[in-house]
Amino acid sequence: MSVGRTIRHKAQAFKGRVTERIGQTTRNRRLQREGRTDRVSGNLKQSGDKAKNAFRR
């Protein structure tokens, strides 16, 4: 797993958390949905990379 990919996935998850929080604060459902999608997507990508890395060793 490359460092750049790890950083990219963590940044996507963080961006999702921030966007979701902004959506909650402003009561904007679209932002909440987009944030949740980004957060979950970033976390799933991280999990996939961890699984790949476990089988490589």
Side-chain angles (χ1 to χ4, degrees):
M1 169 169 56
S2 72
V3 175
R5 183 179 296 168
T6 303
I7 292 171
R8 196 173 333 132
H9 294 164
K10 285 185 183 282
Q12 182 178 9
F14 180 73
K15 177 185 156 230
R17 280 196 304 268
V18 170
T19 305
E20 188 176 5
R21 183 67 65 172
I22 290 171
Q24 288 173 353
T25 303
T26 61
R27 296 187 179 129
N28 186 331
R29 289 185 187 261
R30 183 183 58 83
L31 280 178
Q32 288 177 3
R33 195 170 41 247
E34 286 178 9
R36 192 174 309 116
T37 303
D38 275 346
R39 180 176 49 86
V40 170
S41 178
N43 288 336
L44 283 174
K45 288 177 183 177
Q46 286 180 40
S47 297
D49 283 344
K50 286 180 185 178
K52 285 181 191 175
N53 195 24
F55 285 109
R56 285 186 188 159
R57 293 183 182 189

Hydrophobic side-chain clustering at under 4.5 Å (ILVMFWY, transitive links): who's grouped with V40? Put none if nobody. L44

Tell me the closest heavy-atom pair linking A13 and Q46, and the distance in Å. CB-NE2, 4.0 Å

Residue pairs passing the side chain to side chain donor-acceptor pair (under 3.5 Å) test with at least one member in residues 13-28, sequence neighbours excluded, are K15-D38, E20-R39

Closest non-hydrogen atoms of G23 and Q32, given as atom of the first, atom of the second and distance, are O-NE2, 3.3 Å

Give, for atom NZ of K52 and atom OG of S47, the distance between the pair rounded to the nearest 0.5 Å. 12.0 Å

By side-chain contact (heavy atoms from CB on, under 4.5 Å) - contacts of T37 (at least two apart): none

